[in-house]
Structures are given as structure tokens and as C-alpha cells.
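Note that the coordinates shown come from a computational prediction; the quantities given were computed from them, not determined experimentally.
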Amino acid sequence: DYFISNDTGIMHVAGATKTPLLALFGPTDPLQWSSQKKGDSFIAAEDGDINSISVEEVFLKLVGMIEIN
């Protein structure tokens, strides 16, 4: 029902579908590369290291997306 991905080619493919997307970004700029489709969202690592994005942070963002939809 939802697609979670890091910043890859498959993320862009998912952004072209009707499935809501939560994209995770490390050093790349999410304002340039994230999906602009309504309902999609992203999390950008503050330190540029995608590994610093916690599971809890992803979970809470996804719950928020579900509540909106």
C-alpha cells in the first residue's frame, strides 16, 4: 500500500505510480530529486548519512502519511 525507498532509480519509478512513496535521502538533495506527487513524502538525513535515519523516524513519518490519506 506504501512504498519506502532510498534515493535510487526504483524510487523514481515508484514516484510515477499511484502508490504513496516515502523516500529516504542521505547526501543527495531531496528538494531536487524527490517525487512531487501529492501524498508522497521524504526524510532527509540531517548529517548527510542515510544510515542516521532511524527506524522510528521512518515509522512515525509513515504513520503520519497513513493518517493523512
Side-chain angles (χ1 to χ4, degrees):
D1 295 330
Y2 288 80
F3 191 82
I4 301 171
S5 177
N6 60 321
D7 180 24
T8 62
I10 196 68
M11 177 202 73
H12 296 287
V13 172
T17 70
K18 293 181 180 180
T19 303
L21 167 67
L22 174 56
L24 309 178
F25 287 85
T28 54
D29 183 3
L31 298 179
Q32 180 178 3
W33 297 108
S34 65
S35 171
Q36 301 300 307
K37 183 178 75 212
K38 183 180 179 185
D40 288 356
S41 191
F42 67 84
I43 299 173
E46 291 182 22
D47 62 359
D49 181 0
I50 197 167
N51 294 308
S52 68
I53 299 172
S54 71
V55 172
E56 181 180 19
E57 189 175 0
V58 174
F59 177 77
L60 292 174
K61 185 71 148 188
L62 184 60
V63 168
M65 289 173 67
I66 293 168
E67 289 175 350
I68 291 172
N69 291 325

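- Side-chain atoms of Gln36 come within 3.5 Å of backbone N or O of Ser34 as a donor-acceptor pair.
- Here the closest non-hydrogen pair linking His12 and Asp7 is NE2-OD1, 3.8 Å.
- In the hydrophobic cluster analysis, where Ile, Leu, Val, Met, Phe, Trp and Tyr join through side-chain heavy atoms closer than 4.5 angstrom, Phe3 is grouped together with Trp33.
- Closest approach of Gly15 to Lys37, counting heavy atoms only: O-NZ, 3.4 Å.
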Candidate pair Leu22 and Tyr2, rule side chain to side chain contact (heavy atoms under 4.5 Å, CB included), full reasoning:
CA-CA 8 Å; Leu22 174 56; Tyr2 288 80; over 6 Å; no
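- Follow the hydrophobic side-chain contacts under 4.5 Å out from Leu60 and you reach Val63 in the same cluster.
- Residues Lys61 and Ser41 approach most closely at CE-OG, 2.9 Å, considering heavy atoms.
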Carefully, step by step, assess Phe25 and Gln32 under the rule side chain to side chain contact (heavy atoms under 4.5 Å, CB included).
CA-CA 11 Å; Phe25 287 85; Gln32 180 178 3; over 6 Å; no
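- Asp40 places a side-chain N or O within donor-acceptor distance of the main-chain N or O of Leu21, the cut-off being under 3.5 Å.
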Could you tabulate the donor-acceptor pairs under 3.5 Å formed by side-chain atoms of residues 51-58, not counting sequence neighbours?
| from | atom 1 | to | atom 2 | distance (Å) |
| --- | --- | --- | --- | --- |
| Asn51 | ND2 | Asp49 | OD1 | 3.3 |
| Ser52 | OG | Asp47 | OD1 | 2.8 |
| Ser52 | OG | Asp49 | O | 2.7 |
| Ser54 | OG | Glu57 | N | 2.9 |

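- Ile10 and Ile43 fall into different hydrophobic clusters, defined by Ile, Leu, Val, Met, Phe, Trp and Tyr side-chain heavy atoms under 4.5 Å apart, directly or through other members.
- Hydrophobic clustering of Ile, Leu, Val, Met, Phe, Trp and Tyr side chains at less than 4.5 Å, counting indirect connections, unites Leu31 with Met11.
- No single ILVMFWY cluster, assembled from side-chain heavy atoms under 4.5 Å apart, contains both Ile50 and Phe42.
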